[in-house]
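Report on the structure given below.
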Amino acid sequence: ATEQILAHVSLSNAADVDAAVAGARAAAHEWGEMPPPERATYLFKLREALLDNRDALTKLVTTENGKVYSDAAGEVRRGIEVVDFACGAPTLLMGQNLDQVSRGIDSEMVRFPVGVVAGITPFNFPFMVPMWMLPLAIACGNTFILKPSERTPLSSQRIVELCDEAGIPPGVVSLVHGAVETVTGLISHPGVDAVSFVGSERVARIVYETAAKNGKRVQALGGAKNHIIAMPDAVLEQSVPNIAESAFGNAGQRCLAGSVLTLVGEARERLLPKLVDHVESIKMGFGLDEGVTLGPVIRDEARERIHRLVDAGVAAGATMIRDGRGTGPAAASSASRSQAAAEGTGSHRWTSRCSPRAASISPATSTSVDRSRRISRSSSRLKRHAIRQPRRPSSPRRAGLPPAQQQEGAEALHVERRGARVDVAERIADGGVHREVVEQPEAEAEPDRRRAEHAGLLVITHPRAAL
């Protein structure tokens, strides 16, 4: 990857979190007392602003996250659909009542706003996941503070700008950037009433426990991976592309990714060769280029971890079916990253490109590959096309930051990846589905079990005709 900086954003600290919370609390009463139909008018305006900017938002998601245009377009569409739903708040917020539930007693249920809600969102869906939270939170009369992933902050920045353009009052929607310090400040702040989190399992546990201990309502959604079973009579024309899309779509960086494929009986001979042929045709590159179906993983650390897992599998006896390593330039040195970071303050964004690969793993193989159950992708060559995207400063009243720290411009980079190579991992289980206990130090096993930064597909074969 080129590791060129896409943009600079303000790195929020504890004082910035305090300012954002104070602004949200100041706006909470008036916004919560506003009649739901009046709040809905702002959501209709936000919907129109999002639709007017849909193509630009899609390209922004592709540029900062790396997913291909079609995936980004689907993400933006689903995010806007949540606004469509939130526009129905006047009906959705209706309560219930029953006269004479008992003699002389009536029953009535009325919904009230919670107060200040904080949303902490991941890198893999920089537009859709914030839109899961923001429209519904404010439609219900809450004020909302968004803390996006420091890896993909630009989509959230633009969402908040469009909220401004829609006329949503100051303090109703706020934005803070950052990482651990910012998250800790939000989930422990006495002025925050509820927290919504989407991310890794490990961090989800921390967020849930900390926020709950501090008396907040909290929902914390952790990462997930999925298992696929292919029976001998599987319809190959549908099964093969669906399995490949599940494993490699969005570079595998989603909770819907298929990580384990179990082939039963004749399915191995029927499906596996066609699956290898299909993934062979996957074209890797910049997500805005025509025909590209696979984008990058989020950062070079994820790519390097992928390479380590593949190396460990091969060293333990795996036979490589299709090797994607060595198809691009080596990752930039840590010195170059340090030099880039020294060019400005705030958080920085790098992109890392990896293509799918696979290996055949024998039953005796016992490595971290078994634990992570993922297919890895090698880096590929990049070509940089710089484009300028003028961006007006975000409102200090929203970000809770001094005007001097607001983003005054962002340079988005069009990056083209070259040289995709694809493989599939196979695990042979003699006499039935092989179950193996992986013996390795906990310090090494935990990150592999919990982190979901890249695609994975472990193929297991079952010799019997049926389960």
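When a residue number appears, it is its place in the shown sequence, counting from 1. What you see below is based on every heavy atom in this structure, not just the backbone, and it leaves out hydrogens, waters and symmetry mates.
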- Message: How long is the straight-line distance from OG of S196 back to CG of L221, given to the nearest 0.5 Å?
- Response: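 Answer for the CG-OG pair, L221 versus S196, is 6.5 Å.
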
- How about Q100: does its CD atom have over 12 heavy atoms from other parts shown lying under 6.0 Å from it?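 Count over threshold, so yes.
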
Between [X] and [Y], does at least one N-O distance fall below 4.0 Å, as a salt bridge requires?
{"X": "E165", "Y": "R158", "value": "yes"}
{"X": "R254", "Y": "E245", "value": "yes"}
{"X": "E64", "Y": "K67", "value": "no"}

- What residues, two or more places apart in sequence or in another chain, satisfy side-chain hydrogen bond (donor to acceptor under 3.5 Å, both in side chains) together with R47?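 Testing R47 for side-chain hydrogen bond (donor to acceptor under 3.5 Å, both in side chains), a comparison that skips the adjacent residues, returns D84.
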
- Message: Checking Y69 now: which residues fulfil side-chain hydrogen bond (donor to acceptor under 3.5 Å, both in side chains) with it, not counting sequence neighbours?
- Response: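 In terms of side-chain hydrogen bond (donor to acceptor under 3.5 Å, both in side chains), with neighbours along the sequence ignored, Y69 is linked to D55.
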
- Query: W31 and F144: aromatic ring centres closer than 6.0 Å?
  - Reply: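 No; F144 has its ring centre 6.0 Å or more from that of W31.
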
- Message: Can you see whether D16 engages H177 through a side-chain donor-acceptor pair at a distance of less than 3.5 angstrom?
- Response: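 No - no donor-acceptor pair under 3.5 Å links their side chains.
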
- Does R25 have any salt bridge (Lys or Arg N to Asp or Glu O under 4.0 Å) partners at least two apart in sequence or in another chain, and if so, which?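 Salt bridge (Lys or Arg N to Asp or Glu O under 4.0 Å) list for R25, sorted by chain: D193.
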
- Query: Mind checking what makes salt bridge (Lys or Arg N to Asp or Glu O under 4.0 Å) contact with K216, not counting sequence neighbours?
  - Reply: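 K216 satisfies salt bridge (Lys or Arg N to Asp or Glu O under 4.0 Å) with no residue once adjacent residues are dropped.
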
- Item | Counterpart residues, side-chain contact (heavy atoms from CB on, under 4.5 Å), relative to T210 (two or more places apart) |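 Per chain and number, T210 pairs via side-chain contact (heavy atoms from CB on, under 4.5 Å) with I187, I206, N214.
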
- Item | Non-neighbouring partners of W132 that pass ring-ring contact (aromatic ring centres under 6.0 Å, His included), sequence neighbours left out |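 Not a single residue meets the ring-ring contact (aromatic ring centres under 6.0 Å, His included) criterion with W132.
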
- Query: E201 side chain to R205 main-chain N or O, any donor-acceptor pair under 3.5 Å?
  - Reply: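 It does not hold such a pair.
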
